[in-house]
Amino acid sequence: MQITAPAWYESGSFWQFGITIFVAMALGALGAFATLRANNPKRRLVYRTLANTSLFTASHSQTGALAVTHGTTPVSRPRVVELELRNAGRRDITVAQFHRSDPIKCDLGADIVAVLDVSTGPAGSTPPSVAVDPASRAGLLIGPCLLARKQVVQISVLVDGPQSDVEYLSVPLIDVDRRKEEVVELPFEPIRRVMTSFGVTWAMWMMMAAVGALGIINLIARQGCGLL
């Protein structure tokens, strides 16, 4: 009776060695990624226009049935513009990140009548100073300030004029990723954010799945050896 030696890929020792090497490399890569992430935390500011809404309907503006005043100032084409700044990074954005202590500049596309409200959260956060740009009646200046991690700032402004897109003229931040975000999100945008937030967890699940697959292959190979 002739006994045929099993192929190298049918050896249980080979697969055990392969799995050990793979797990060691995967853990090393995850450890390096975690160290890099911890040593280089990202600062990120996301800004967007929440609303740009007229206080009049078309019929009201045509007939003059309603009139709006702010204090004693008449407002012929009143609109409320709402802006939002959000620290979406993993570290605080400090005053030192504002280049030459310059403010964030926005052009609202219409004359600013008044800053109605500046709110911030979570509780204990400090809101920035907000003022009209002396050089432009449509310009809004958001002063340098500490934007803590996960802090959100919302600004409501009353303007007088036709609807126009808000332009963020200058966001002078150093070592900060700056992103303008649209209000309307794509259908799968929330899913993408969750996947990004849990990227490390996803990688670990993929590693476990790969190890499981290699274990199954190892078992099949051993059973094959036993049948020879």
Side-chain angles (χ1 to χ4, degrees), residues 42-89 91-121 125-185:
K42 183 176 292 184
R43 294 182 175 92
R44 175 177 297 164
L45 179 70
V46 176
Y47 50 92
R48 61 177 181 168
T49 304
L50 293 177
N52 191 347
T53 309
S54 173
L55 298 184
F56 285 164
T57 63
S59 59
H60 291 154
S61 59
Q62 290 174 359
T63 62
L66 293 177
V68 173
T69 60
H70 183 268
T72 59
T73 304
V75 185
S76 59
R77 291 175 293 180
R79 307 187 66 81
V80 174
V81 179
E82 296 183 2
L83 311 178
E84 181 181 88
L85 306 177
R86 183 174 78 252
N87 184 348
R91 291 188 64 182
D92 296 348
I93 299 174
T94 66
V95 176
Q97 258 76 53
F98 285 78
H99 180 57
R100 298 186 305 182
S101 297
D102 290 342
I104 297 173
K105 297 181 181 180
C106 307
D107 186 342
L108 305 189
D111 292 346
I112 297 175
V113 179
V115 177
L116 301 177
D117 183 59
V118 180
S119 61
T120 188
S125 302
T126 303
S129 60
V130 180
V132 180
D133 187 351
S136 172
R137 295 181 61 186
L140 190 71
L141 303 179
I142 304 171
C145 66
L146 171 65
L147 294 172
R149 179 172 175 263
K150 296 184 179 181
Q151 181 176 350
V152 178
V153 177
Q154 293 184 347
I155 304 167
S156 297
V157 184
L158 176 64
V159 302
D160 187 1
Q163 182 174 2
S164 180
D165 292 338
V166 176
E167 296 185 16
Y168 294 84
L169 302 178
S170 176
V171 186
L173 297 175
I174 303 172
D175 296 331
V176 178
D177 181 24
R178 293 154 288 177
R179 296 190 181 184
K180 181 180 179 181
E181 188 177 77
E182 301 298 332
V183 175
V184 179
E185 295 182 338

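None of these values were measured; they are calculated from a predicted model.
Within the structure, the salt bridge (charged side-chain N to carboxylate O under 4.0 Å, His left out) test picks out the following pairs touching residues 126-141 (sequence neighbours left out): Asp111-Arg137. Residue pairs meeting the salt bridge (charged side-chain N to carboxylate O under 4.0 Å, His left out) criterion with at least one partner in residues 160-171, sequence neighbours excluded, are absent. The ring-ring contact (aromatic ring centres under 6.0 Å, His included) analysis of residues 134-181, with sequence neighbours excluded, yields the pairs Tyr47-Tyr168.
The side-chain hydrogen bond (donor to acceptor under 3.5 Å, both in side chains) test applied to Gln97 returns Thr94, not counting sequence neighbours. Partners of Arg77 according to the salt bridge (Lys or Arg N to Asp or Glu O under 4.0 Å) rule, which considers only residues two or more places apart in sequence or in another chain, do not exist here. Qualifying side-chain hydrogen bond (donor to acceptor under 3.5 Å, both in side chains) partners for Asp177, counting only residues two or more places apart in sequence or in other chains: Arg44, Arg179. Listed by chain and number, the residues in a side-chain hydrogen bond (donor to acceptor under 3.5 Å, both in side chains) with Ser136 amount to none (sequence neighbours excluded). Residues passing the side chain to side chain contact (heavy atoms under 4.5 Å, CB included) test with His99 are Pro172, Ile174, sequence neighbours excluded. For Thr120, the side chain to side chain contact (heavy atoms under 4.5 Å, CB included) test picks out Ser125, Pro127, Gln151, Val153, with sequence neighbours left out. Partners of Asn87 under the side-chain hydrogen bond (donor to acceptor under 3.5 Å, both in side chains) rule, at least two apart in sequence or in another chain, do not exist in this structure.
Between Gly161 and Arg79 the shortest heavy-atom distance is O-CD, 3.1 Å. In this structure, Ala88 and Val46 approach most closely via the heavy-atom pair CB-CG2, 3.8 Å.
At least one side-chain heavy atom of Leu55 sits under 4.5 Å from a side-chain heavy atom of Leu158.
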Which pairs of donor and acceptor atoms, one on a side chain in residues 100-110, lie under 3.5 Å apart (sequence neighbours left out)?
| from | atom 1 | to | atom 2 | distance (Å) |
| --- | --- | --- | --- | --- |
| Arg100 | NH2 | Asp102 | OD2 | 3.4 |
| Asp107 | OD1 | Gly109 | N | 2.9 |

Atom pairs and distances, side-chain donor-acceptor, residues 138-150, under 3.5 Å, sequence neighbours left out:
none

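Distance check, rounded to the nearest 0.5 Å: CG of Leu83 to CZ of Arg48 gives 11.0 Å.
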